[in-house]
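To start, the structure itself, in structure tokens.
Excluded from the calculations below are hydrogen atoms, water molecules and symmetry mates; all remaining heavy atoms, backbone and side chain alike, are included. Note on naming: letters A, B, ... go to the chains in the order of the sequence lines (proteins, then strands), and numbering restarts at 1 for each one.
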Protein chains: 2
Amino acid sequence: MTQEMQQATSHVRTFRRHEFLARADERQNCVLRIEEGWAAQYRLVPDGRRQIITLFLPGDYCEPQWLLQGRATLPIVALTRVRARALPHARIQARAPHEEDSMTRVLDAMLVLLRNREKWIFNLGRMTATERLCNLLCELYARLQARNRVVQDRCAMPLTQYDLADIVGISPVHVNRVLQTLRGDGLLDLKGRWMQVRDLAALQRLGDVATEPGPGMPRAA
Amino acid sequence: MTQEMQQATSHVRTFRRHEFLARADERQNCVLRIEEGWAAQYRLVPDGRRQIITLFLPGDYCEPQWLLQGRATLPIVALTRVRARALPHARIQARAPHEEDSMTRVLDAMLVLLRNREKWIFNLGRMTATERLCNLLCELYARLQARNRVVQDRCAMPLTQYDLADIVGISPVHVNRVLQTLRGDGLLDLKGRWMQVRDLAALQRLGDVATEPGPGMPRAA
DNA sequence: CGGCACAATTCACATAAGTTTGCTTTACCA
DNA sequence: TGGTAAAGCAAACTTATGTGAATTGTGCCG
């Protein structure tokens with residue numbers, strides 16, 4: 001396959017752990033679809049603090065915005081070894097020649113992103129460490145299940161406790177504490193890159209505390 | 001102007017404080033543009049916790065998603081008396097008969113929303129109470145300035161300390177503590193629905209701690 | 001003008017979560 | 001296969017922030 005043909009069609013790229021899929025403000029002429037491995041979009045403070053904004057799992061598209069802006073906003077790093085397919089913008093646009101159709105697809109993706117972020121603003125702002133972690137683990141479990149990556153009650157869990165900490169906005173030590181408790185209570189087991197969910201219902205109860213507001217006044221107390 | 005004509009064109013609605021501009025999952029056939037007053041989109045926990053997800057100031061459009069989904073997802077409540085113009089979807093779509101053009105407008109709005117939420121996930125996850133508050137106040141100041149609502153170093157600040165708490169994800173009491181400190185340090189003055197920014201630079205320094213990541217590895221410590 | 005409700009303030013105390021450090025286990029590479 | 005670095009784990013201690021409750025302003029409506 002010639003260089004030109006690779007440009008015109010999609011091609012596969014692989015990244016080692018800690019390698020960048022994209023750097024901040026880098027020009028992008030492709031959208032990446034993760035085929036294997038996990039990646040994360042994050043933001044740093046010079047003093048070392050890191051907050052992961054978005055997690056990308058197998059099957060996910062990294063950043064539909066690229067299509068619109070032609071550039072990444074935040075860096076994306078591989079949390080594990082990653083295999084991803086790079087889809088040139090031109091090719092995506094060509095696939096749906098009817099303008100409106102391809103637009104709709106992008107819009108839907110953005111609505112989903114928007115909803116996810118809504119949820120995480122809520123989590124980070126008003127949930128305890130335990131609630132956030134349970135919520136995250138449930139979400140991951142569900143996302144993997146949707147992609148047929150859950151066997152029995154087990155799924156891959158390649159995130160380190162440092163990664164988890166940087167997602168739920170707490171310290172790694174505290175992540176460990178909470179996980180110990182959850183394990184002790186028989187809710188789940190995190191061992192060697194794998195997660196076994198022993199009591200999904202309980203986990204969801206802990207993590208999904210939010211409800212739609214009733215007819216009352218907000219903060220009427 | 002007859003009732004029918006008002007339906008076909010835009011019309012103005014007013015809301016008292018604590019009144020809903022929209023309830024969760026309510027059908028919407030208009031997009032609201034705030035003309036006067038402040039409103040907020042939020043999410044509750046039954047036990048009383050509230051997290052504000054988005055703040056709407058004069059000039060803001062509430063929820064471009066409505067255009068796409070035809071319904072609100074989260075409730076929106078008036079934090080002050082609000083005057084808003086309701087723009088029927090049909091009218092908006094008609095204004096830009098060239099499909100692509102109106103789409104682009106909506107997409108841009110969503111990109112902005114997405115960026116804002118990125119920022120707040122970061123703030124809530126990794127910034128201290130003081131940093132978050134400074135950041136918020138700077139943001140509000142800038143937004144009001146962009147709308148020509150800052151005179152000298154003063155602008156309106158109709159949010160109660162409870163509201164502020166529910167935005168930055170801390171307790172009202174702690175909001176008060178931080179505000180006292182900022183006032184004591186001569187950075188700003190919050191008094192009677194008005195904010196006077198005495199040292200914008202210092203405020204920004206406290207609030208805008210984040211930087212683009214250098215060439216190093218994230219979390220390489 | 002006076003009262004009433006809500007907002008701001010303050011203080012004493014409680015606690016969740018951060019920090020530091022050291023040890024142990026695991027995973028990975030030569 | 002063993003050595004090395006990263007990850008997990010644990011305990012002691014510190015700190016930021018939360019809670020509860022009481023006090024003082026402040027604006028608003030009759």
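Within a 6.0 Å radius of CZ in A/Arg154, no more than 12 heavy atoms belonging to other residues, nucleotides or ligands are found. Enclosure of atom CZ in B/Arg147 by more than 12 non-hydrogen atoms of other residues, nucleotides or ligands within 6.0 angstrom is indicated.
Residue B/Arg132 contributes atom CZ, which lies 13 Å from atom C1' of D/dG18 at whole-angstrom precision. Between the CE atom of B/Met157 and the P atom of C/dA8 there is a distance of 11 Å, rounded to whole Å. Per the geometry, CG belonging to B/Leu179 stands 16 Å off C1' belonging to D/dG25, to the nearest Å. For the pair A/Arg81 CZ and C/dC29 C1', the computed distance is 12 Å after rounding to whole Å. What separates CD1 of B/Ile170 from C1' of C/dA17 is a distance of 16 Å, to the nearest Å. For the pair A/Gln161 CD and C/dA17 P, the interatomic distance rounds to 16 Å; values are reported in whole Å. Between A/Leu159 atom CG and D/dA6 atom C1' there is a gap of 16 Å when expressed in whole angstrom units. A straight line from CG of A/Leu79 to C1' of D/dA6 spans 15 Å, rounded to a whole angstrom.
Among the nucleotides C/dA17, D/dG8, D/dT17, the one closest to any side-chain atom of B/Ala129 is D/dT17. The A/Arg177 side chain lies nearest to D/dA12 when the options are D/dA12, D/dT17, C/dT9. Side chain of A/His174, nearest nucleotide from D/dG18, C/dA17, C/dT9: C/dA17. Set against D/dG8, D/dA7, D/dG18, the side chain of A/Arg17 has D/dA7 as its closest nucleotide. Here the nucleotide nearest the side chain of A/Tyr162, chosen from D/dT17, D/dG8, C/dC11, is D/dG8. Comparing D/dA11, D/dG18, C/dT10 by their nearest atom to the side chain of B/Val173 picks out C/dT10.
Inter-residue side-chain proximity for A/Arg85 and A/Val12 is flagged as met; some heavy-atom pair is nearer than 4.5 Å. Contact of the B/Leu114 side chain with the A/Thr73 side chain is not registered, since no non-hydrogen atoms from C-beta on lie closer than 4.5 Å. Using a 4.5 Å cut-off on side-chain heavy atoms (C-beta onward), A/Leu136 and A/Asn123 make no contact.
Residues B/Asn176 and B/Gln180 bring a donor and an acceptor atom of their side chains to less than 3.5 Å of each other.
For B/Arg16, no side-chain nitrogen or oxygen approaches OP1 or OP2 of D/dC28 to under 4.0 Å. Note on A/Asn176: every side-chain N or O is 4.0 Å or more away from OP1 and OP2 of D/dG8.
Comparing A/Val178 and A/Lys191 by the nucleotide of DNA chain C whose heavy atom lies nearest to each, the residue mapping closer to the 5' end is A/Val178. Residue B/Gln180 is the one, among A/Met127 and B/Gln180, whose nearest nucleotide of DNA chain C lies closer to the 5' end (criterion: closest heavy atom).
Among the heavy atoms of the strands lying under 4.0 Å from A/Thr160 are primed sugar atoms or P, OP1, OP2 only; no base atom is included. At the heavy-atom level, B/Arg183 lies under 4.0 Å from the strands shown only through sugar-phosphate atoms. Residue-level contact check: B/Arg193 touches the backbone only, with heavy atoms under 4.0 Å from sugar-phosphate atoms and none from bases.
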